[in-house]
Amino acid sequence: METLLAALLPGVALGGVLAVAGAWSRLARGAELPHLGVGALAGALALVAARLAAPPTSPRPVTVLVVAVAGAGLAALLALLDRRVRAVAGSGSGRPGGPPLVADVAVLAAVVGAVALVRPAIAVPLPFGPLGGQPGAPAAIAAALLGVGGAVLLGTAAVRRIRPVLRWAVAGALLGLVVVPAAGTLTPAALAFGGIIGLPDTAGLALRAAAVGLAARRDAADAVAAGFGLGLAESALAALIPLGGAALVPTVVALAVGLVIHVRDRGAAVAA
Amino acid sequence: VSGGGDGGLRWRLALLGLAAAFPFAAATFGAQRRGIDILVLVLLGLSMTVTTGWLRTIALHAPASLSAGALATSAVLGRGQSLPLALLTALGAGAAVALVPAALTRLRHRDLLPLASLAVTLAVWGVVLPSLRLTPFVRPVVVGIDLGSDRSLYLFALLLAGLGWLAVEHLAASGVGRRMRALGGDPAFAAGTGVDPATTWFAAFALSGTLAGAAGVVLAVLVQGVPDAGTASPSFALVVLAVALLGGAGSPVGALAGALVLGLAPLAVGTLPDAQALLAAAIVVVVACVPGARGGLVGGSAWAARRTARLTAGVR
């Protein structure tokens, strides 16, 4: 039983991250579809946190603060990029048959580029999940609680009313606060892995957040449920079937089912 | 450059001669490997020319089709079968994978294609590839040519890229290509002029997947198995998109220009581990933000030529 609970801890932490990222992806486009790119910021912030926390003597509160501020700043820049691309491409209307998600792809590309820029040579893919690190029990619980709080906050009318750039900055800061414990960067031992740090799966995190955004059709509670459902299912499968790619099956299924339901609902709306 | 006639033919023959002479002039291991990587990018760029350039949508399935082609090649060659059979299987596998996002979204919901195609790429990269264990194989001999050396493999890749280029150029000028571009421009108008939207839509994706599958054959023979996860990942889809956008989506010449720049990027910025990804991200962002950058290098050079001609006419 204890082994199973220990195996689920990364899923609890990932659930917190996905709850915030999914709620943000739902909020970001202001339309029926989730934003494809914003969830990738979790990967960039996890890498920043790992770099800051890599020296054993680095103060953890400073890491948390810097990552939250970096999250806010990067998210504000992404909001400006998103607005600019939408203005140029006329995308984001969400209407059936409209232009492709150019702004979403540009935001995703910008985050992938930022990760390529800040990635140190000591950052390599490790089997520690999409955030590149593994949290201990207290950190995982902290990430889960912060994730629930962040998703609920993003679902409030007060946040929805503020200007988009500020709204994205708030979401980015919340994501940063959740990512630091979830990526295991609060525990120095989690990073002492032969002098290397884990490389987050940036594009994979974006797709996980989009899957949560597709499932979260009504409110923040949906995002929380979908985020934790996906995180726990992924960690349970990774523990039960460690070889092969079973861990990503829930995300792929969630995306496929979400897309099919979305297309069906659009058809029903047009018919009505 | 893209025009026909004797000038166009001479230009193509000169380019082909240069490309064929490359592995003899640059005999080092690294240079020939880089040449093969660039030819793989050319095939992937041609694949995107059809979907991004002609259909005017963003489909990011190329890494998935490439992986499917590589898996099929490994499976067939691992059983001791011939390369032509492996090639046919790989082209079919690449096309089949490309049809999945096309069928999920259909033309009516093509705005969902980036999400659907990335989901398919994630499924192949994250679920299918790690789950399969295929037997490694020795590089095959095809029509008496041993692909055991990188030089002969480069020439084989050049043959595939050349055939792919010819196919795309021929289709661009044919009724099929015109129907695809018409569908990308205005689906309702295209349907009104007798274009069958569903058939044209699926044909474009099948062609795109076939070209990416051919790239998978080259990579599988190069590594004598399934290529590493890097060329199958969702992030690599952005590199392929950048190849098409840099040269000018819709232009085979643009795909070549984009492949050359992105293929040589790691040499130019060698100290960064992800120089190619960084450059690709910058290209996607700039093309998305700047209306004048939509034409890419080819469109930009055509614009510059028109501008120069106008200025010259003004001086006269």
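In what follows, every chain begins at residue 1, and chains take the letters A, B, ... in the order their sequences are listed. Scope of the values below: all heavy atoms of this structure, side chains included, with no hydrogens, waters or symmetry mates.
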Review point. Crowded around A:R83 CZ? As in, over 12 foreign heavy atoms under 6.0 Å?
Key: no
Check your understanding: Can you name the side chain to side chain contact (heavy atoms under 4.5 Å, CB included) partners of B:A123, sequence neighbours left out?
Key -> A:V252
Practice item. Identify the heavy atoms of A:G204 and B:L122 that sit nearest to each other, and give their distance. Key: CA-CD1, 4.3 Å
Revision key, fill the gap. One should read off an interatomic distance between B:D274 CG and A:L117 CG, to the nearest 0.5 angstrom, of 10.0 Å
Check your understanding: Which region of A:T202, side chain (C-beta onward) or backbone (N, CA, C, O), has a non-hydrogen atom less than 4.5 Å from a non-hydrogen atom of chain B, or is it both or neither?
Key -> neither
Practice item. Decide side chain to side chain contact (heavy atoms under 4.5 Å, CB included) for A:V105 and B:L238; before the verdict, give the C-alpha distance in whole Å, the side-chain angles of both, and the deciding distance to 0.1 Å. Key: CA-CA 8 Å; A:V105 174; B:L238 294 172; 4.0 Å; yes
Study note, to complete from the structure: When every non-hydrogen atom of A:L259 is compared with those of B:A116, the smallest separation belongs to CD1-CA, 3.6 Å
Exercise for review: Indicate yes or no: at least one non-hydrogen side-chain atom of A:L101 is less than 4.5 angstrom from one of B:I58.
Suggested key: no
Exercise for review: Report the distance from atom CG of A:D104 to atom CG of B:L115, rounding to the nearest 0.5 Å.
Suggested key: 8.5 Å
Review point. What pairs with B:T199 under side chain to side chain donor-acceptor pair (under 3.5 Å), at least two apart in sequence or on another chain?
Key: B:D196
Revision key, fill the gap. Between the CG atom in A:D201 and the OG atom in B:S235, the distance rounded to the nearest 0.5 Å is 7.0 Å
Review point. Should A:L108 and B:L118 count as side-chain neighbours, where that means a heavy-atom distance under 4.5 Å?
Key: yes
Practice item. Heavy atoms only: give me the nearest A:G113-B:A281 pair and the separation to one decimal. Key: CA-CB, 3.4 Å
Study note, to complete from the structure: One should read off an interatomic distance between B:T121 OG1 and A:L207 CG, to the nearest 0.5 angstrom, of 8.5 Å
Exercise for review: Taking all heavy atoms of A:G245 and all of B:P130, pick out the closest pair and write down the distance.
Suggested key: N-CB, 3.8 Å
Check your understanding: Checking A:A210 against chain B: side chain, backbone, both or neither under 4.5 Å from a heavy atom?
Key -> side chain
Point to revise | side chain to side chain contact (heavy atoms under 4.5 Å, CB included) between A:R266 and B:L112, intermediate numbers included | key: CA-CA 12 Å; A:R266 271 187 181 183; B:L112 300 175; 3.9 Å; yes
Check your understanding: What are the two closest heavy atoms between B:A288 and A:V88, and how far apart are they?
Key -> O-CG1, 3.6 Å
Check your understanding: Within a strict 4.5 Å, meaning less than it, do heavy atoms of the A:L36 and B:P114 side chains meet?
Key -> yes
**Study point:** Beyond-backbone contact of B:L104 with A:V263, side-chain heavy atoms, under 4.5 angstrom
**Key:** no
**Study point:** Part of B:L241 lying under 4.5 Å from any heavy atom of chain A
**Key:** side chain
Check your understanding: Is chain B contacted by the side chain of A:I241, its backbone, both, or neither, given a heavy-atom distance below 4.5 Å?
Key -> neither
